[in-house]
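Please read the structure below before turning to the comments.
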Amino acid sequence: MTYQELSKEVSYALRHAPWEYELEIDDEGWVSIEQLIESFATNDKWIQLETNDLIEMVNSSEKKRHEIQGNKIRALYGHSMTNKILKEEKEPPNVLYHGTAKRFLDSIKVKGLLPQARQYVHLSADTDTAIQVGKRRDNEPQILKVRAMEAYTQGVKFYYGNDKVWLADFIGAKYIEF
Ligand code: HQG
């Protein structure tokens, strides 16, 4: 097992399908580490899983996807289940970015940025991060500039994911530079 494989499955459980693992997830996305380990251990692949593996998984990852606090773990962003995870509202920086595929531009110009399958729209704090995000869908991703502070002063809420990832419910096209 690699930390990358572990991270993928933990993300799946915490972002998309806690019920498949019989995990109780609270409003802020926290799950008991003990419960998660017990549930993963029913799969031979994770029978040896220990808390330290989860700590190492978080520490060794380039992206800060998960957070551990005491005996709990949560995903910091990416959720898709129906019960919306409550995120911390925060004043955004002046500008945020969004890396996307060329084929989505026409639709984004009309509809703005929508959360699609996730609970929130995901925005990047810098262009390098946005390029990485966009490359998942297009070899030559398009980087959109979002006038976050302007949107915020007009009532759009922003939420903190981690140093690189910001969240919003919806970003109207008028705040986006194409
Ligand atoms: C697009 C990964 C058409 C949007 C990443 C995106 C990120 C529209 C796609 C995190 C649209 C949704 C999230 C509209 C938005 N019309 N397309 N109106 N509005 N879209 O994966 O932001 O590695 O749900 O541009 O790195 O790509 O998993 O969101 O292309 O941080 O930790 O709809 O997931 O992180 O795609 O990525 P996604 P995302 P991890």
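Source: prediction; values computed, not measured. Numbering of ligands and ligand atoms starts at 1, following listing order.
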To the nearest 0.5 Å, tell me how far Tyr159 OH sits from Glu88 CD.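 It is 11.5 Å, given to the nearest 0.5 Å.
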Value rounded to 0.5 Å, distance of NE2 in His122 from CG in Leu167: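 CG of Leu167 is found 5.0 Å from NE2 of His122.
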Do the charged groups of Glu28 and Lys87 touch, with an N to O distance under 4.0 Å?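 Here Glu28 does not pair with Lys87 in a salt bridge, since their nearest N and O are not under 4.0 Å apart.
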For [atom], what's the nearest protein heavy atom and its distance?
atom: atom 36 (O) of ligand 1; result: Arg137 NH2, 3.0 Å
atom: atom 3 (C) of ligand 1; result: Ser107 OG, 3.4 Å
atom: atom 2 (C) of ligand 1; result: Arg136 CZ, 3.7 Å
atom: atom 28 (O) of ligand 1; result: Arg15 NH1, 2.8 Å
atom: atom 31 (O) of ligand 1; result: Tyr77 CE1, 3.7 Å
atom: atom 17 (N) of ligand 1; result: Gln116 NE2, 3.2 Å
atom: atom 26 (O) of ligand 1; result: Lys63 NZ, 2.6 Å
atom: atom 10 (C) of ligand 1; result: His122 CD2, 3.8 Å

Would you mind finding which of [options] brings a heavy atom closest to [atom]?
atom: atom 32 (O) of ligand 1; options: His98, Arg65, Lys64; answer: Arg65
atom: atom 1 (C) of ligand 1; options: Tyr120, Phe170, Phe104, Trp166; answer: Phe104
atom: atom 30 (O) of ligand 1; options: Leu76, Asp138, Thr100, Leu114; answer: Thr100

Tyr160 ring center near Trp166 ring center (under 6.0 Å):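 Judged by ring-centre distance (under 6.0 Å), Tyr160 and Trp166 do meet the cut-off.
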Compare every heavy atom of Lys109 with every heavy atom of Ala173, then report the nearest pair and how far apart it is.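 Looking at all heavy atoms of both residues, the shortest contact is CB-O, 3.3 Å.
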Considering all heavy atoms, the nearest Leu113-Val146 contact: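 Smallest interatomic distance, heavy atoms only, reads CD1-CG2, 4.3 Å.
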State if Lys164 counts as touching ligand 1 under the rule of any non-hydrogen atom under 4.0 Å.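 Lys164 does not count as a contact of ligand 1 under the 4.0 Å cut-off.
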Would one find an N or O of [X], backbone or side chain, under 3.5 Å from an N or O of ligand 1?
X: Gly112; value: yes
X: Val165; value: no
X: Lys111; value: no

Does the Lys NZ or Arg CZ of Arg15 fall within the cation-pi geometry relative to Tyr77 - under 6.0 Å from the ring centre and within 45° of the axis?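 Satisfied, under 6.0 Å and within 45°.
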Do Lys84's NZ or CZ and the ring of Tyr120 fall within the cation-pi criteria of under 6.0 Å and 45°?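 Judged by the rule (NZ or CZ under 6.0 Å from the ring centre, within 45° of its axis), Lys84 counts as positioned above Tyr120.
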Going by the angle between their ring planes, with limits at 30° and 60°, are Tyr21 and Tyr12 parallel, tilted or perpendicular?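 Geometry flag for Tyr12 against Tyr21: perpendicular rings.
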Tell me yes or no: between the side chains of Ser11 and His66, is some donor less than 3.5 Å from an acceptor?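 There is such a pair between these side chains.
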